Amino acid sequence: MKTYEFGDKNKPVILLLPGTCCHWKATFGEVIPLLERNFYVVCVSYDGFDETEDTIFPSMVEETEKIESYIQEQFGGKICCAYGCSLGVLCGAAGAAWENPHRLRHSR
């Protein structure tokens, strides 16, 4: 998994999760400049979908765990919001559904 980040790190974080077989830039490239006005934008590029990596998509669960670890490490487990398409919705929903207290928490 790779991430692409845009904007001011002092703004609230929005996480963008593309859909199945979708490239992050094709899905979100046009809206990133608009979102940067109000958010620090983080786009996820799943294993197996990024042209800069030689990886294979393992499973939704493994990618979700990578996303959660990334958010924990980079943002203390707190982001403002997430937007997902297709597979991205599943990764976001799976992460939100787990009840481990060390998992993602919504920042207010």
Side-chain angles (χ1 to χ4, degrees):
M1 182 195 85
K2 192 169 187 176
T3 59
Y4 295 89
E5 302 180 15
F6 308 90
D8 180 353
K9 284 191 173 190
N10 295 313
K11 292 183 179 179
V13 176
I14 184 170
L15 181 71
L16 303 178
L17 303 157
T20 307
C21 298
C22 295
H23 190 271
W24 70 270
K25 196 170 189 178
T27 304
F28 300 117
E30 291 185 30
V31 299
I32 290 171
L34 301 171
L35 292 170
E36 280 183 282
R37 295 176 189 166
N38 298 305
F39 297 98
Y40 183 63
V41 182
V42 177
C43 293
V44 171
S45 185
Y46 309 115
D47 284 343
F49 295 97
D50 196 289
E51 76 281 0
T52 67
E53 296 182 311
D54 185 22
T55 56
I56 297 172
F57 184 80
S59 71
M60 182 190 74
V61 171
E62 286 182 53
E63 286 298 282
T64 300
E65 288 172 345
K66 289 177 190 177
I67 293 165
E68 286 190 329
S69 292
Y70 170 80
I71 294 171
Q72 288 292 340
E73 292 166 12
Q74 297 299 312
F75 307 108
K78 297 178 183 181
I79 61 172
C80 175
C81 55
Y83 177 84
C85 302
S86 185
L87 175 66
V89 173
L90 294 175
C91 287
W98 286 320
E99 295 185 22
N100 183 331
H102 300 289
R103 300 224 184 240
L104 300 179
R105 298 175 306 277
H106 184 275
S107 64
R108 295 177 195 249

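Everything numeric here is computed off the predicted structure, so don't read it as measured data.
Heavy atoms from other residues, nucleotides or ligands lying under 6.0 Å from CD1 of Ile56 number 12 at most.
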Donor-acceptor pairs are to be reported for all side-chain atoms of residues 25-33 against protein atoms at under 3.5 Å, with residues two or more places apart or in another chain.
residue	atom	partner	partner atom	Å
Thr27	OG1	His23	O	3.1

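Residues Tyr46 and Glu63 come closest through the heavy atom pair CA-OE1, 3.3 Å. Scanning all heavy atoms of the two residues, the minimum distance from Asp8 to Tyr40 falls at O-CB, 3.3 Å.
Contacts of Asn38 classified as side chain to side chain contact (heavy atoms under 4.5 Å, CB included), with partners at least two apart in sequence or in another chain: none. Applying the side chain to side chain contact (heavy atoms under 4.5 Å, CB included) test to Glu53 and every residue at least two apart in sequence or in another chain returns Lys2, Asp47, Asp50, Thr55.
Between Val42 and Ile79, every side-chain heavy-atom pair lies at or beyond the 4.5 Å cut-off. Inter-residue side-chain proximity for Ile14 and Cys80 is flagged as unmet; no heavy-atom pair is nearer than 4.5 Å.
For the atom pair CG (Leu35) and CZ (Phe6), the distance works out to 11.0 Å, reported to the nearest 0.5 Å. Remark: Tyr83 OH to Leu15 CG distance equals 13.0 Å, nearest 0.5 Å. Interatomic distance, Cys81 SG to Leu16 CG, rounded to the nearest 0.5 Å: 8.5 Å.
Although no hydrogens or angles enter the test, the distance criterion places a donor-acceptor pair under 3.5 Å between the side chain of Lys11 and the main chain of Glu36.
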Ile71/Val13 under side chain to side chain contact (heavy atoms under 4.5 Å, CB included): CA gap, chis, key distance, verdict: CA-CA 10 Å; Ile71 294 171; Val13 176; over 6 Å; no

